[in-house]
Number of protein chains: 2
Amino acid sequence: MLDATSSYKPMDRRIPVDDRTGHRIVPETIRRSDRAPENRYGNRPTMKDVAARAGVGLKTVSRVVNGEPGVTPETERRVQEAIDALGFRRNDSARVLRKGRTASIGLVLEDLADPFYGPLSRAVEEVARAHGALLINGSSAEDPDREQELALALCARRVDGLVIIPAGDDHRYMEPELKAGVATVFVDRPAGQIDADCVLSDNHGGARDGVAHLIAHGHRRIGFIGDMPRIHTAAERLRGYRAAMEDAGIPVEDSWMSLGVTDPERVRRAAEEMLTGPSPVTAIFAGNNRVTVTVIRVLAEQTRRVAFVGFDDIELADLLQPGVTVVAQDAAALGRTAAERLFRQLDGTLVTPERIELPTRLITRGSGELPPAD
Amino acid sequence: MLDATSSYKPMDRRIPVDDRTGHRIVPETIRRSDRAPENRYGNRPTMKDVAARAGVGLKTVSRVVNGEPGVTPETERRVQEAIDALGFRRNDSARVLRKGRTASIGLVLEDLADPFYGPLSRAVEEVARAHGALLINGSSAEDPDREQELALALCARRVDGLVIIPAGDDHRYMEPELKAGVATVFVDRPAGQIDADCVLSDNHGGARDGVAHLIAHGHRRIGFIGDMPRIHTAAERLRGYRAAMEDAGIPVEDSWMSLGVTDPERVRRAAEEMLTGPSPVTAIFAGNNRVTVTVIRVLAEQTRRVAFVGFDDIELADLLQPGVTVVAQDAAALGRTAAERLFRQLDGTLVTPERIELPTRLITRGSGELPPAD
DNA sequence: CCTGGATCTGACAACGTTGTCCAGGCCCTA
DNA sequence: TAGGGCCTGGACAACGTTGTCAGATCCAGG
């Protein structure tokens, strides 16, 4: 074994040096040994290779690739030919390292598969594209740790900015990043423990309007099913529900509220309990789209007609019997507004963090206009 | 002017050199002038800064950051302290440049806002995450040029691999990339003009089954509304429709087919025409989810009961009256399978490009089982 | 023929990280 | 106590690109 290792040692450790440049001359075999070949991107051609083939200098290739002026058409042609022949493509990692800007922004969202976030994500992408930036995204799956991990990974990639749909409620981990100049906008839910830009829907007002709508149609015993109050949107909507009830002078019974419930099985149970309890509700307000779809299923099975209003619009809501009345928020507008603020931060146009609330819209389709039946 | 420029010229062009290290000593003001300050990421601390603060060597910091062995707990603690104090975050661009792998994969899809692609995208992300990679994505908006632009931009970022939902039908632009070792998997639709891995649904078989289902319930005049046949999935589904009709010995009339139609207005007109034409259909087969939602709206307005089967499942399909019978494809499975093949390409486990077809599933809910009414 | 200016081209350093290699200190054994 | 191996730490080059700056070339005007 000692023999084996020692046999790899070159006899003379001194490395020959080029007299003119002072550069070390290292045999190709040794030089290459420092690269782990399996780690390379299949040895793609570099500008150096293109330059050699076109018989020009490195910088000239760079100029052609970037469309900088000061290159004769003839030279440009030769370089372009070499580029095509070699299949050269500029290495943006090196470019980023040199230039300091990545022309990409990150999006941390909760779940790409949720139909609410698709349009939001798409809107962010469109704005990014208009500014020549790429979008890198990741799903936190509603896990605060994963949100942090993702956000910081994106910062390590040196994204120019970050749009975050928070899963957690403590974002102090972003402080060094903000200080370092990473543009950041929180969307859908506010940042926790730090002062940052955020773009929200008017969750409180929307929920209040929705519940008031039910009250206006004669309901007094109204149920609320929503997510955990530690989630800002859920808390605000609950607050809106309470506000509407209080405005109407209706005392809320505990059995009418079910919090922290989103998975279909538990939503179903919660809905059934409030419909059959000692003080059965005549209407239900759902805190988000996932709750809505389950509650609708439960209501479809009831013989009694129960009124319903949901937060978030859902597809085909108009085709159901009755049509589903909802408080709609504009996911695309949320994404667009957030992304635009992000780029204004990057421009330097924007300095003071603000909280922006976008209005919601009550869409009446039938289910919310049913009279109390008891 | 000559004076002005010459005044910036140092008298002596030779640059002072440190005797010990041989490094050139350059005055700070000159060194900094080469950076464009507005391009820097707010002067984030580097490993060098951390090393200086912790009083250790550069490589030691690198070891701590990467959890490499060979650092005493005491040294590690000092380094960690410096990292926290300075808010250091490793620059992954530099890391990528050095290591050659980006630990990220790209996804080029058609439209993030389409509910079909949400789960697909999410599935790709989950697989990527399991392999420690980030997902960078972009929407082609069904535009072949934009698809190419995006795919090549991702290659310039040196993503390790690429999952592409093709918009175009000529992918020769990817040839240099494939040669350079960029792992590539096409999903939902096959690659055009090149030999590459692809993962598809059984569009032909699914459509044939769906149409055969209508035929089995007594229908003979069946309409087909789908996308442009230049899109592979649309062509295959049309072929499935024709096959089912032919199997049953039913000649297809031109007025029963509407191709290249997806926007709601035109779908509506197409559906109405086949319902009222000289040879009115008693059933409609829809080629994708967007067509489905519009056709359902049109059918809901009809007095006559028209049978319906759609390709792609839609949310709440079971709650409509009647329930919507569909040929469902598993978007998540498509994404998962594609991403897994991608990483097997990167492992080197996979060499020959293959075409994989995933089965579809007919879900009967009522609309496809209506008898002909004419 | 020379000079001055404009235009084009290329040499070189630097961006921040990691792999390699070597030096020095330590411990263990003979 | 000498000689070895092991452990820790640091110097240095290289990754591929771009900004700077100076050299080369060419032309017009004297």
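Quantities reported herein were computed from a predicted structural model and do not represent experimental measurements. Just so it is clear: chains get the letters A, B, ... in the order the sequence lines come, proteins before strands, and each one is counted from 1.
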Under 4.0 Å, counting only non-hydrogen atoms across every strand here, what does A/Asp92 touch: a base, just sugar-phosphate, or nothing? nothing
As an exercise, state the distance from CG of A/Leu152 to CG of A/Leu162, rounded to the nearest 0.5 Å. 9.0 Å
Answer yes or no: does a side-chain N or O of B/Thr60 lie under 4.0 Å from OP1 or OP2 of D/dG10? yes
d(CZ, B/Arg44; C1', C/dT17) in whole Å: 15 Å
D/dG9 P sits how many Å from B/Glu76 CD, rounded? 10 Å
Using heavy atoms to find the nearest nucleotide of DNA chain C for B/Arg90 and A/Thr75 separately, return the residue whose nucleotide is more 5′. A/Thr75
For A/Arg95 and C/dA14, give me the distance from atom CZ to atom C1', rounded to whole Å. 16 Å
Taking atom types as modelled, find out whether B/Ser140 and B/Glu110 have a side-chain donor-acceptor pair closer than 3.5 angstrom. no
Rounded to whole angstrom units, what separation is found between the CG atom of A/Asn66 and the P atom of D/dT20? 14 Å
Are B/Arg129 and A/Glu149 ion-paired here, with the side-chain N under 4.0 Å from a carboxylate O? yes
Figure out the CD/P separation between A/Glu68 and C/dT7, and round it to whole Å. 16 Å
Give the nucleotide from the list D/dT18, C/dT18, C/dG16 with an atom nearest to the side chain of A/Lys59. D/dT18
Earlier contact from the 5' end, DNA chain D, for A/Phe88 and B/Val71: B/Val71
Looking only at side-chain N and O atoms, does B/Lys99 come under 4.0 Å of OP1 or OP2 in C/dG19? yes
Between A/Glu147 and A/His171, do the side chains contain an N or O donor and an N or O acceptor separated by less than 3.5 Å? yes
Ignoring hydrogens and angles, does a donor from either the side chain of A/Arg98 or the base of D/dT18 sit under 3.5 Å from an acceptor on the other? yes
Which part of the nucleic acid, if any, lies within reach of A/Val65 when heavy atoms closer than 4.0 Å are counted: base, sugar-phosphate only, or nothing? nothing
When you measure from the side chain of A/Gln345 to the backbone N and O of A/Ala183, does any donor-acceptor pair fall under 3.5 Å? no
Would you please confirm or rule out a distance under 4.0 Å between OP1 or OP2 of D/dT8 and any side-chain N or O of B/Thr72? no
Side chain of B/Lys48, base of C/dG16: donor and acceptor closer than 3.5 Å? no
Can you tell me the distance, in whole Å, between the CE atom of B/Met47 and the C1' atom of C/dT18? 8 Å
Whole angstrom is fine here: how far is it from CZ in B/Arg157 over to P in D/dC15? 22 Å
Tell me the interatomic distance from A/Arg101, atom CZ, to C/dC15, atom C1', rounded to whole angstroms. 16 Å
For DNA chain D, whose closest nucleotide is more 5', that of B/Arg63 or that of B/Ala94? B/Arg63
Choose from C/dT18, C/dG16, D/dT17 the nucleotide whose nearest atom is closest to any side-chain atom of A/Thr46. D/dT17
